[in-house]
K.L.:
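This structure is in structure tokens; I'll ask about it shortly.
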Amino acid sequence: MIRRGAQMSLSLAAIAFAAVSGLAEAGGITISTAAGDKIITLEALKERYERPDAIPFPKNNPYTEEKEKLGKKLFFDPRLSRSQIVSCATCHNPSLGWSDGLPKGVGHGMEPLERRSPPVLNLAWALSLMWDGRAHSLEQQALMPITAPQEMNMTMDDVVDRLRMVPGYRELFSEAFGETDSINAKNIVAALATYERTLVSHKAPFDLWVEGDEDAISAEAKRGFVTFNTKARCSACHAGWRFTDDSFHNIGLETDDVGRGKFTPPSVAIMKYAFKTPSLRDLRMQGPYMHDGSMADLDEVLEHYVKGGRKSPNLSPEMRPVKLSKTEQSDLIAFLETLRGPSVKPQLPDLP
Ligand code: HEC
Ligand code: HEC
């Protein structure tokens, strides 16, 4: 993906940078991966974080503009909820980084949910959904909030009946699905999922640096990137351009929620209290963080990783205490900030 001409200047930059970061030993960087330690060049390390060029859509729900347009209206439409005041965007609000800024989501009946609302970005690539991975596709996932009593508290039959009453929706569904009577549960979730797949992080300063623009991020952030991949071992779990391995880990938080453990045999101790590794792209710098919104800021998060999490037979073997100086910690935060792209808010749709 990197242009040939750029390759040379990248390797020179790598040498200069390795000298800056004090990691020049043998011209390589020792990174930690789930499969063990490995020595690679800075250039090769950056390549691991290159963004893909195109969004993948599944064969059984291919992209069309009409489905995206319909899905966007459904996503922002509170009529999908019993009370007609809760839409998907209530908890996945583009102005709040596609989440809600709350420690735990609040839906029908204003009761807090059990977990934090994750942002709905870059999910076209996700291998499993929900903090515990209980949904396997965006189509399957979309049924859950609509029918959950504490979220939108509807039945799919009631949603279908309601949308059938709206002439504008009858038109949009037949444009998207080419039939006269195409308002049904399957097509509702197909359209929602298509729209969600188009929600992709905008290019962040970090991406420009990966593409070869040395001035795109600060020296602190560059040091933070190396620390992230080496000493701090963050990349053992927050790997690849989405900064997640799509896997589940118990990072040693105090919690009664068994997370992934609900779906794995009790013998798999490390899946008890394990949650899906969240992406770190477009991370809200002011928190709250974690599946339960229990951490208020990034200093608290880093302090947790320095201590290595609460010891238990369920703790991930990738979690171990690591001494990080104040500078290393502020470098890491400077790096995380470079993963934030411009906050381009979508134009809100006119509802039919
Ligand atoms: C009341 C708040 C609320 C509403 C309304 C809501 N969600 Fe969510 N959403 C959540 C919470 C909380 C989770 C995490 C649940 C869990 O992991 O157990 C979540 C998880 C998700 C995920 C999984 C993300 C990931 O990274 O795994 C997707 C996708 C999603 N919601 C889409 C939707 C769509 C589509 C709608 C509308 C049909 C919707 N949500 C409505 C709160 C909400
Ligand atoms: C063992 C795998 C693992 C390692 C190593 C790891 N993380 Fe995490 N990280 C996770 C998981 C899993 C969560 C979510 C945990 C939860 O909510 O229960 C998480 C949550 C976070 C969050 C909160 C994100 C959010 O949206 O709430 C941040 C920030 C974060 N990690 C940064 C880091 C940094 C920085 C490092 C290195 C110092 C690191 N992580 C090391 C797996 C890991």
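Values reported hereafter were calculated over all heavy atoms of this structure, with side chains retained and with hydrogens, waters and symmetry mates removed. As the structure lists them, so they are numbered: ligands from 1, and atoms in each ligand from 1. Quick caveat, the model's predicted, so the values are computed rather than measured.
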K.L.:
To which protein heavy atom is atom 18 (O) of ligand 2 closest, and what is the distance rounded to 0.1 Å?
P.N.:
H291 ND1, 2.8 Å
K.L.:
Do S117 and D100 have a side chain donor and acceptor closer than 3.5 Å?
P.N.:
yes
K.L.:
So, regarding H92 and ligand 1 (criterion: nitrogen or oxygen to nitrogen or oxygen, under 3.5 Å), is there a contact or not?
P.N.:
yes
K.L.:
Run the numbers for me: atoms of ligand 2, each under 4.0 Å from some heavy atom of L298, listed by number.
P.N.:
29 (C)
K.L.:
Whether E328 and R223 form a salt bridge (side-chain N of Lys/Arg under 4.0 Å from carboxylate O of Asp/Glu) is what I want to check.
P.N.:
no
K.L.:
Before signing off on this row, confirm whether D292 and ligand 2 have an N or O atom pair separated by under 3.5 Å.
P.N.:
no
K.L.:
Apply the side-chain contact (heavy atoms from CB on, under 4.5 Å) test between M154 and each candidate in Q84, R162, H108; give the one that qualifies.
P.N.:
R162
K.L.:
Any N or O on T90 sitting closer than 3.5 Å to an N or O of ligand 1?
P.N.:
no
K.L.:
Does ligand 1 have a heavy atom under 4.0 Å from the side chain of A135, from its backbone, from both, or from neither?
P.N.:
neither
K.L.:
Considering only heavy atoms of L280, which atoms of ligand 2 have at least one such atom less than 4.0 Å away?
P.N.:
28 (C), 29 (C), 30 (C)
K.L.:
Report yes if some N/O of R134 lies less than 3.5 Å from some N/O of ligand 1; otherwise report no.
P.N.:
yes
K.L.:
For A236, is at least one N or O under 3.5 Å away from an N or O on ligand 2?
P.N.:
no
K.L.:
Show, in sequence, the C-alpha distance, side-chain angles and deciding distance for S201 and D282, and conclude whether the side-chain hydrogen bond (donor to acceptor under 3.5 Å, both in side chains) test is met.
P.N.:
CA-CA 7 Å; S201 289; D282 291 306; 2.5 Å; yes
K.L.:
Do any heavy atoms of R116 fall under 4.0 Å from ligand 2?
P.N.:
yes
K.L.:
Counting both backbone and side chain atoms, is some N or O of M130 under 3.5 Å from an N or O of ligand 1?
P.N.:
yes
K.L.:
For ligand 2, indicate whether the residue Y289 contacts it via side chain, backbone, both or neither (heavy-atom separation under 4.0 Å).
P.N.:
both
K.L.:
Have E214 and W209 got a donor and an acceptor in their side chains that come within less than 3.5 Å?
P.N.:
yes
K.L.:
Should the proximity of K104 to ligand 1, defined as any heavy atom under 4.0 Å, be assigned to the side chain, the backbone, both, or neither?
P.N.:
neither
K.L.:
Regarding T277, does it place an N, O or S atom less than 2.8 Å from atom 8 (Fe) of ligand 2?
P.N.:
no
K.L.:
Classify the contact between N250 and ligand 2 as side chain, backbone, both or neither, using a heavy-atom distance cut-off of under 4.0 Å.
P.N.:
neither
K.L.:
Using a 4.0 Å heavy-atom threshold (strictly under), name the region of I146 that reaches ligand 1: side chain, backbone, both or neither.
P.N.:
side chain
K.L.:
Tell me if a side-chain donor or acceptor on N229 pairs with a main-chain N or O of S235 at a distance below 3.5 Å.
P.N.:
no
K.L.:
Considering both backbone and side-chain atoms of W131, is one of its nitrogen or oxygen atoms within less than 3.5 Å of a nitrogen or oxygen in ligand 2?
P.N.:
no
K.L.:
Taking distance alone, with N or O pairs closer than 3.5 Å, would you say S316 contacts ligand 2?
P.N.:
no
K.L.:
If you apply the rule ring pair (Phe, Tyr, Trp, His ring centres under 6.0 Å), what do you find for F248 with W131, and how did you get there?
P.N.:
CA-CA 8 Å; F248 307 89; W131 284 105; over 10 Å; no
K.L.:
Quick test: of every protein heavy atom, which one is nearest to atom 13 (C) of ligand 2, and how far off is it to 0.1 Å?
P.N.:
P278 CD, 3.2 Å
K.L.:
If I apply the N/O under 3.5 Å rule, does S128 come out as touching ligand 1?
P.N.:
no
K.L.:
With heavy atoms of V120 as the reference, note each atom of ligand 1 found under 4.0 Å away.
P.N.:
28 (C), 29 (C), 30 (C), 32 (C)
K.L.:
Is there a polar contact, in the sense of an N or O pair closer than 3.5 Å, between S117 and ligand 1?
P.N.:
no
K.L.:
N/O/S of C237 less than 2.8 Å from atom 8 (Fe) of ligand 2?
P.N.:
no
K.L.:
Please confirm whether the backbone N or O of P266 pairs with a side-chain atom of K272, one donor and one acceptor, at under 3.5 Å?
P.N.:
no
K.L.:
Is the closest heavy-atom distance from V322 to ligand 2 below 4.0 Å?
P.N.:
no
K.L.:
When you compare the side chains of T255 and D257, does any donor N or O come within less than 3.5 Å of an acceptor on the partner?
P.N.:
no
K.L.:
How about F228 and Y49: are their ring centres within less than 6.0 Å of each other?
P.N.:
no
K.L.:
Which atoms from ligand 1 have a heavy atom of V106 less than 4.0 Å away?
P.N.:
1 (C)
